[in-house]
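So the structure is just underneath, and the comments pick up after that.
The analysis underlying the following values was restricted to heavy atoms, covering all of them including side chains, and did not include hydrogens, waters or symmetry mates.
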Amino acid sequence: TVTARHMAILKRSLELIIITAPSVLALLAPELPKFGIANIRRNMQTIEGDFESHINLLKTKLTSLLEPFFEKYIYNYF
């Protein structure tokens, strides 16, 4: 089963990939053929967009999973 912990780890992992991808591409760029760099950058933009949409979905799911917890324990203190 997929738990909130799994979703949180996946969300952070996707965020880490988005943050580190430009650095990895910069390290690999000198080794790549000139015609391949533009294609790779375009694909990286597509992947980043997909990852950002997945991150938003995970954030929404985590929020909906944790809402009952907040209603039960946290909101009682206010």
Side-chain angles (χ1 to χ4, degrees):
T1 60
V2 177
T3 64
R5 182 178 181 184
H6 293 125
M7 285 190 274
I9 291 170
L10 178 59
K11 180 183 167 296
R12 295 300 290 168
S13 298
L14 291 174
E15 290 170 341
L16 180 64
I17 291 170
I18 288 175
I19 291 169
T20 58
S23 298
V24 171
L25 183 59
L27 287 172
L28 295 177
E31 305 297 324
L32 298 172
K34 296 292 181 192
F35 63 87
I37 294 174
N39 189 24
I40 290 173
R41 284 194 177 126
R42 186 174 54 251
N43 289 336
M44 290 295 289
Q45 289 175 346
T46 303
I47 290 169
E48 282 183 24
D50 290 344
F51 281 8
E52 287 174 4
S53 67
H54 287 303
I55 289 168
N56 289 332
L57 285 172
L58 287 166
K59 194 182 303 183
T60 302
K61 288 180 182 182
L62 283 168
T63 303
S64 67
L65 281 174
L66 294 175
E67 187 70 29
F69 171 79
F70 290 134
E71 288 175 358
K72 185 175 181 182
Y73 295 105
I74 305 297
Y75 294 151
N76 291 335
Y77 292 109
F78 296 110

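- Residues V2, M7, L10, L14, I17, I18, I47, F51, L58, L62, L65 make up the rest of the hydrophobic cluster containing I55, defined by ILVMFWY side-chain heavy atoms closer than 4.5 Å, directly or through other members.
- Under the side chain to side chain donor-acceptor pair (under 3.5 Å) criterion, H54 pairs with no residue, sequence neighbours left out.
- N56 is linked by a side-chain contact (heavy atoms from CB on, under 4.5 Å) to K59, counting only residues two or more places apart in sequence or in another chain.
- Hydrophobic clustering, defined by side-chain heavy atoms of Ile, Leu, Val, Met, Phe, Trp and Tyr closer than 4.5 Å, leaves F35 isolated from every other such residue.
- Taking the salt bridge (Lys or Arg N to Asp or Glu O under 4.0 Å) definition, one finds that R41 meets it with nothing, sequence neighbours left out.
- Under a hydrophobic-cluster definition in which Ile, Leu, Val, Met, Phe, Trp and Tyr are linked whenever side-chain heavy atoms come within less than 4.5 Å, directly or via other members, V24 and I19 are assigned to different clusters.
- With rounding to the nearest 0.5 Å, the separation of NE2 in H6 from OG1 in T3 is 4.0 Å.
- Among pairs with a residue in residues 2-28, those fulfilling salt bridge (Lys or Arg N to Asp or Glu O under 4.0 Å) read K11-E15, R12-E15, at least two apart in sequence or across chains.
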